[in-house]
Amino acid sequence: MTAARRTDARRNRELLLAAAHEAFGESGPEASLNDIARRAGVGPGTLYRHFPTRAALLAAVLQERVDRLCARAEELAASRPADRALAAWLRAFVAHARVNQGLGGALLLEAPDAPGTDDCHRRIENAAAAVLTRAQRDGSARPDISPDDLLRLTLGIAVTNTRRGPEDEARVERLLALVLDATRTPAPTPPPPPTAETEAETGGWDGQR
């Protein structure tokens with residue numbers, strides 16, 4: 001294959017992925033493959049040369065979205081304080097899960113053994129571990145929560161809030177705020193105020209009897 005043909009093939013693949021992102025976002029994982037080819041400005045044959053099956057296209061789209069989510073974790077870790085990076089990445093994860101849960105489920109139905117599926121889960125958990133561990137090290141996140149705990153909590157928000165109305169968005173923010181509050185290191189409990197009995201036991205306010 002010549003350099004020009006390789007460039008054309010790479011460009012066609014990028015166009016197909018962009019069109020698939022758009023079509024799956026509008027119509028779900030059952031979006032028409034012919035419509036995706038049309039949106040990309042190529043023929044169905046070109047689509048099938050790059051993605052022989054629907055599962056192959058679903059896997060490629062999901063992989064690209066996971067790439068973006070993991071890159072976001074690195075970007076936030078490099079640019080924001082640990083607690084803010086954790087909060088921002090969890091918002092990004094909830095948005096990712098709300099958009100992609102249908103794609104992941106469809107991929108498992110189409111091809112349960114599709115290569116890369118386990119790798120996507122592992123990479124997301126590693127990204128969660130990176131932002132969470134950083135927050136735990138600086139004391140802003142409680143030490144007894146694991147990346148898996150965090151992902152399960154936030155995934156629950158995504159699974160139960162798939163609609164996009166203003167009320168739904170407000171509910172997602174409220175639930176995410178509750179998760180973030182549960183993640184923070186609890187403030188130390190102040191000692192109880194002195195009483196007459198405790199002062200008598202310790203020798204009075206001035207330490208004198």
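We count residues from 1, following the sequence as given. The shown structure was predicted, so the numbers you read here are calculated from the model rather than taken from an experiment.
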Once you round to the nearest 0.5 Å, how far does CG of D83 lie from CG of L86?
8.0 Å
So with a 6.0 Å cut-off around CZ of R13, is the heavy-atom count from everything else above 12?
no
To the nearest 0.5 Å, atom CG of D138 lies from atom OG1 of T133 at 11.5 Å
With rounding to the nearest 0.5 angstrom, report the CG to CZ distance, N12 to R49.
8.0 Å
Output the distance between atom CZ (R72) and atom NE2 (H96), rounded to the nearest 0.5 Å.
14.5 Å
Taking only Lys NZ, Arg NE, NH1 and NH2, and the carboxylate oxygens of Asp or Glu, determine whether E75 and R80 approach each other closer than 4.0 Å.
no
Determine yes or no for a side-chain-to-main-chain donor-acceptor pair under 3.5 angstrom, with S140 supplying the side chain and A135 the backbone.
yes
Would the distance check show the side chain of E22 and the main-chain N or O of L17 forming a donor-acceptor pair, the cut-off being under 3.5 Å?
no
May I ask you to say whether E167 pairs ionically with R174, meaning some side-chain N is under 4.0 Å from a carboxylate O?
no
Between the side chains of R11 and D8, is the shortest nitrogen-to-carboxylate-oxygen separation below 4.0 Å, so that they form an ion pair?
no
Should V179 and L175 count as side-chain neighbours, where that means a heavy-atom distance under 4.5 Å?
no
To the nearest 0.5 Å, what is the distance between CZ (F24) and CG (L58)?
4.5 Å
d(F51 CZ, I36 CD1) to nearest 0.5 Å is 9.5 Å
Check the pair R152 / D149 against salt bridge (charged side-chain N to carboxylate O under 4.0 Å, His left out), numbers first and verdict last.
CA-CA 5 Å; R152 286 176 183 272; D149 294 333; over 6 Å; no
Taking side chain as C-beta onward, heavy atoms only, is R123 less than 4.5 Å from D67?
yes
Check this for me, if you would: do R39 and E26 make a salt bridge, where the nitrogen-to-carboxylate-oxygen distance has to be below 4.0 angstrom?
yes
